[in-house]
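Read through the structure below, which is laid out as structure tokens, and then see the notes.
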Amino acid sequence: MNGAAVILKQKKLMRCFRDAGAVSPDTARSLQEIGVRDSWVFRRLIHDGVFVPADTGVYYLDRVAAGRYRDQWRMKAMTITALVLLLAFMIWLLVR
């Protein structure tokens, strides 16, 4: 799975939890109830604190952690873009 596909999958998972109302320990739902399957992307988001296990087999979306996670991804994407542009500019200077 490439980077763009991972990001799309992460967004879809977060949206599914939000749409299902699974946003607190009291409203936690099972993956089956939400209509998603267990995947390495989902487990990665658990590891990063975006999804929180509330009880056996039920999870909820931590909206604060999800916001931080999205901000970190944006910052990484902007940094990589800036580095690529800088590299392209340096190459352009060398070959002109």
Side-chain angles (χ1 to χ4, degrees):
M1 192 176 279
N2 66 32
V6 170
I7 291 169
L8 290 174
K9 179 68 173 174
Q10 291 171 344
K11 286 182 177 183
K12 180 183 177 194
L13 285 168
M14 289 184 225
R15 185 176 56 250
C16 288
F17 272 75
R18 224 179 7 259
D19 291 350
V23 293
S24 73
D26 295 333
T27 60
R29 305 258 192 277
S30 70
L31 298 181
Q32 186 175 1
E33 289 176 294
I34 294 173
V36 299
R37 64 182 185 85
D38 189 8
S39 65
W40 72 267
V41 174
F42 177 72
R43 288 189 301 279
R44 178 65 191 198
L45 291 171
I46 291 173
H47 178 266
D48 292 332
V50 174
F51 295 119
V52 181
D55 201 0
T56 305
V58 294
Y59 304 88
Y60 69 93
L61 171 69
D62 181 330
R63 290 183 279 195
V64 173
R68 277 195 306 263
Y69 190 80
R70 279 191 310 268
D71 291 346
Q72 289 172 349
W73 268 97
R74 272 191 207 113
M75 185 59 72
K76 288 177 187 176
M78 287 190 308
T79 301
I80 290 169
T81 301
L83 290 173
V84 168
L85 290 173
L86 178 62
L87 180 61
F89 179 68
M90 291 172 64
I91 291 170
W92 177 78
L93 286 175
L94 288 172
V95 296
R96 57 168 241 174

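Just so you know, these numbers use all the heavy atoms, side chains as well, and skip hydrogens, waters and symmetry mates.
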### Hydrophobic cluster identity match, Ile34 and Tyr60, side-chain contacts under 4.5 Å
no

### Task
Using a 4.5 Å cut-off on heavy atoms from C-beta on, say whether the side chain of Trp40 contacts that of Arg43.
yes

#### Entry: Arg29 side chain to Thr27 backbone, donor-acceptor under 3.5 Å
yes

### Message
Hydrophobic cluster membership, with links at side-chain heavy-atom distances under 4.5 Å among I/L/V/M/F/W/Y: are Val52 and Val58 in one?
### Response
no

### Summary
Taken to the nearest 0.5 Å, the spacing of Asp38 CG from Gln32 CD works out to 12.5 Å

#### Entry: Sidechain N-carboxylate O distance under 4.0 Å for Asp71, Arg74
yes

### Message
Within this structure, what is the CD-OH distance for the pair Gln10 and Tyr69, rounded to the nearest 0.5 Å?
### Response
4.0 Å

### Query
Is there a side-chain contact (heavy atoms from CB on, under 4.5 Å) between Thr79 and Leu83 once you walk through the steps?
CA-CA 6 Å; Thr79 301; Leu83 290 173; 4.2 Å; yes

### Query
Can you find a pair of side-chain heavy atoms, one from Phe17 and one from Leu31, that are under 4.5 Å apart?
yes

### Query
Hey, what do you get for CD1 (Ile7) to CZ (Arg70), rounding to the nearest 0.5 Å?
12.5 Å

### Query
So, for Val50 and Ala66, which heavy atoms are closest and what is the spacing to 0.1 Å?
CG1-CB, 4.0 Å

### Task
Would you give the length of the straight line joining atom OG of Ser24 to atom CZ of Arg63, rounded to the nearest 0.5 angstrom?
8.0 Å

#### Entry: Interatomic distance, Leu13 atom CG to Ile46 atom CD1 [nearest 0.5 angstrom]
10.0 Å

#### Entry: Side chain to side chain, Met75 and Gln72, heavy atoms closer than 4.5 Å
no

#### Entry: Gap separating the CZ atom of Phe42 from the CZ atom of Phe51, nearest 0.5 angstrom
6.0 Å

### Query
So if you build clusters from Ile, Leu, Val, Met, Phe, Trp, Tyr with side-chain heavy-atom gaps below 4.5 Å, do Val36 and Leu8 land together?
no

